[in-house]
2 protein chains.
Amino acid sequence: MSRKISESTVRRLSQYLRILEAREARPGATVSSTDLAAEAGTTAAQVRKDLSLFGSFGKRGLGYAAGDLADRLREILGLERVWRVALIGAGRIGSALFEYADFRRRGFDIVAVLDNDPGKIGTEWSGAVEVEDVEGLEVVLQRESVDVVIVAVPASAAQEVSDRAVTAGVRGILNFAPLQLRVPEDVSVQDVNVVTELEALSFDLTHLHATGTD
Amino acid sequence: MSRKISESTVRRLSQYLRILEAREARPGATVSSTDLAAEAGTTAAQVRKDLSLFGSFGKRGLGYAAGDLADRLREILGLERVWRVALIGAGRIGSALFEYADFRRRGFDIVAVLDNDPGKIGTEWSGAVEVEDVEGLEVVLQRESVDVVIVAVPASAAQEVSDRAVTAGVRGILNFAPLQLRVPEDVSVQDVNVVTELEALSFDLTHLHATGTD
DNA sequence: AGGTGTGAACACTTTCACAGCA
DNA sequence: TGCTGTGAAAGTGTTCACACCT
């Protein structure tokens with residue numbers, strides 16, 4: 001069924017879905033590629049190309065049925081199920097993520113939290129999940145049928161934790177550690193690196209200033 | 001001076017720099033494009049292309065002088081100065097970011113924190129910065145000569161806050177709100193969106209499974 | 001030999017422009 | 001007329017392959 005879909009297309013699909021959800025469209029409402037493009041900060045042609053990669057579900061002369069389009073996007077993105085997520089690392093980032101209610105609402109359920117700090121192990125978070133010893137990583141991942149792990153440990157521990165999760169069968173990793181994780185081909189890693197984003201800003205600012213003179 | 005440098009090149013430069021810094025190279029140490037590529041998860045040709053966009057500072061047969069290369073990268077990325085950052089939004093994400101010491105070490109100094117919650121305004125964070133009322137945004141940004149703002153407020157408030165920061169002269173925005181900020185051409189925005197990253201994982205996992213059957 | 005710097009080939013993405021349906 | 005769907009054209013980014021220096 002699937003051609004090769006680019007990373008950027010997937011990112012935009014996620015964005016389109018968020019836009020549609022924010023509108024909580026009344027039944028029957030329609031949306032055009034021009035609409036979506038304006039809000040997503042891209043072009044109408046881009047929106048149509050992205051969507052047409054998965055079939056043609058627009059009506060010529062009208063646009064897309066907003067509700068149907070949202071459903072279709074959820075289906076394409078694999079969001080019709082609940083993903084079971086384990087959070088590895090109960091530090092600042094970990095706890096901020098855990099408290100971020102949007103995950104749960106969007107189908108990512110944090111079913112386990114692990115850390116190696118004895119002061120944290122055994123404590124209960126939000127009266128729901130107990131922090132467990134990362135020592136027992138494999139057991140926890142299996143017991144909870146975890147699909148995805150969030151790596152929120154220091155860089156020095158990240159590769160080991162990732163290796164163990166992969167060995168335990170995990171195929172998706174959201175990585176907050178500032179290094180490139182080495183994983184087998186069939187494992188998908190997404191990186192979040194705020195320092196890199198800031199450095200990209202720094203680059204832009206430094207070189208934007210130069211635009212006038214060059 | 002500057003040709004058009006792609007977003008992806010800049011991201012990789014940041015990564016190369018981090019790799020070099022992690023090695024705390026002894027003076028005189030050298031590093032080859034093959035080395036860097038292996039650790040960064042890219043190809044040697046890519047590394048050389050990226051670096052050659054800014055001049056030729058490698059030695060044929062030898063590689064790059066690690067220390068010099070790191071210096072050059074910092075210069076290219078505009079990291080030879082300290083960037084003054086204001087954090088708008090003192091919620092979960094905001095506080096996690098504030099506590100993340102790496103920023104300061106890397107030249108991003110959070111000089112102001114703003115929020116609209118009366119319970120937070122006036123409190124001191126890390127005995128260093130006092131949370132101020134977002135009401136006075138413009139005054140604070142000017143007083144502190146802020147270069148970059150981090151937008152960590154709910155989506156509903158993000159565009160307004162961004163507009164006000166831009167009007168006050170800010171040219172760089174790190175955006176954590178899940179929407180596309182509208183800004184003038186000469187303002188650079190970098191987005192961090194964890195939900196999109198998770199949805200990209202969800203997409204990959206859903207479609208990797210299919211590879212066998214298709 | 002070993003490893004850089006780079007034009008030229010290739011692959012991928014975005015934009016254009018228009019045929020075709022509601 | 002209005003707006004989608006899509007081949008073809010244009011534009012960007014990556015990989016190849018090799019001349020050249022140490």
Side-chain angles (χ1 to χ4, degrees), chain A residues 1-16 19-20 25 28-70 72-73 76 180 196 200 203-204 207, chain B residues 2-16 19-20 25 28-70 72-73 76 180 200 203-204 207:
Chain A
M1 157 198 169
S2 47
R3 265 161 249 64
K4 243 280 279 335
I5 305 298
S6 78
E7 190 64 24
S8 20
T9 293
V10 175
R11 292 277 227 301
R12 283 191 300 266
L13 294 178
S14 162
Q15 207 181 351
Y16 303 154
I19 290 169
L20 292 172
T30 116
V31 64
S32 71
S33 56
T34 316
D35 269 6
L36 273 178
E39 197 153 344
T42 180
T43 66
Q46 183 71 81
V47 172
R48 295 200 300 276
K49 242 302 152 25
D50 286 340
L51 297 179
S52 75
L53 293 170
F54 299 91
S56 24
F57 30 92
K59 295 247 184 301
R60 305 186 186 217
L62 265 170
Y64 304 85
D68 292 0
L69 180 55
R72 195 78 183 78
L73 286 172
I76 291 166
Q180 192 65 28
T196 289
F203 178 89
D204 287 354
H207 296 265
Chain B
S2 48
R3 267 159 247 66
K4 244 278 275 336
I5 305 299
S6 78
E7 190 66 22
S8 18
T9 292
V10 175
R11 291 278 228 298
R12 283 190 300 264
L13 294 177
S14 162
Q15 208 182 349
Y16 303 154
I19 289 167
L20 291 171
T30 116
V31 63
S32 72
S33 55
T34 316
D35 270 6
L36 274 178
E39 198 154 343
T42 178
T43 67
Q46 182 72 80
V47 172
R48 294 201 300 277
K49 231 330 163 319
D50 287 339
L51 297 179
S52 76
L53 293 171
F54 300 91
S56 23
F57 30 93
K59 295 246 185 300
R60 304 184 187 218
L62 266 170
Y64 305 85
D68 293 359
L69 181 54
R72 194 78 184 77
L73 286 172
I76 291 166
Q180 191 67 27
F203 178 89
D204 287 354
H207 295 265

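Bear in mind the structure is a predicted one, so any value in this text is a computation, not a measurement. Throughout, protein chains are lettered first and strands after them, A, B, ... in sequence-line order, and every chain is numbered starting at 1.
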Figure out the [atom1]/[atom2] separation between [X] and [N], and round it to whole Å.
{"X": "B/L69", "N": "C/dG3", "atom1": "CG", "atom2": "C1'", "value": "14 Å"}
{"X": "B/R72", "N": "C/dG5", "atom1": "CZ", "atom2": "P", "value": "12 Å"}
{"X": "A/E7", "N": "D/dT14", "atom1": "CD", "atom2": "C1'", "value": "16 Å"}
{"X": "B/I5", "N": "D/dG11", "atom1": "CD1", "atom2": "C1'", "value": "16 Å"}
{"X": "A/L53", "N": "D/dG7", "atom1": "CG", "atom2": "C1'", "value": "13 Å"}
{"X": "A/L36", "N": "D/dG5", "atom1": "CG", "atom2": "P", "value": "12 Å"}
{"X": "A/Q46", "N": "C/dC12", "atom1": "CD", "atom2": "P", "value": "16 Å"}
{"X": "B/D50", "N": "D/dT12", "atom1": "CG", "atom2": "P", "value": "17 Å"}

Q: Could you tell me whether the side chain of A/Q180 and the main chain of B/G41 form a donor-acceptor pair under 3.5 Å?
A: no
**Q.** C/dT15 phosphate, OP1 or OP2, under 4.0 Å from A/T43 side-chain N/O
**A.** yes
Q.
Can you see if the side chain of A/S33 gets near the phosphate of D/dC3 - specifically, an N or O under 4.0 Å from OP1 or OP2?
A. no
Q: Select one nucleotide: of C/dT15, C/dG5, C/dG7, the one nearest the side-chain heavy atoms of B/K49.
A: C/dG7
**Q.** Out of C/dG3, C/dT15, D/dT14, whichever nucleotide has its closest atom nearest the side chain of B/S32
**A.** C/dG3
Q: Sugar-phosphate atoms are those with a prime plus P, OP1 and OP2; base atoms are the rest. Using that split, label each nucleotide of nucleotides 17-22 of chain D B, S or - for protein heavy atoms under 4.0 Å, 5' to 3'.
A: B-BBBS
Q: Find out whether B/L73 and B/L51 are in side-chain contact, i.e. whether some heavy atom of one side chain is under 4.5 Å from a heavy atom of the other.
A: yes
Q) Would you say B/V31 and B/I19 make side-chain contact, with heavy atoms under 4.5 Å? A) no
Q | Nearest-nucleotide 5' precedence on DNA chain C, B/Y64 against A/T42 | A | B/Y64
Indicate every side-chain donor-acceptor pair of residues 54-67 of chain B with a distance under 3.5 Å to a residue at least two apart or in another chain.
none

Q) Which heavy atom in B/A200 sits nearest to a heavy atom in A/E7, and how many Å separate them? A) CB-OE2, 4.4 Å
Q. Closest approach of B/A37 and B/A44, non-hydrogen atoms and distance?
A. CB-N, 3.4 Å
Q | Residues forming a side chain to side chain contact (heavy atoms under 4.5 Å, CB included) with B/T9, sequence neighbours excluded | A | B/I5, B/S6, B/R12, B/L13, B/D50, B/L53
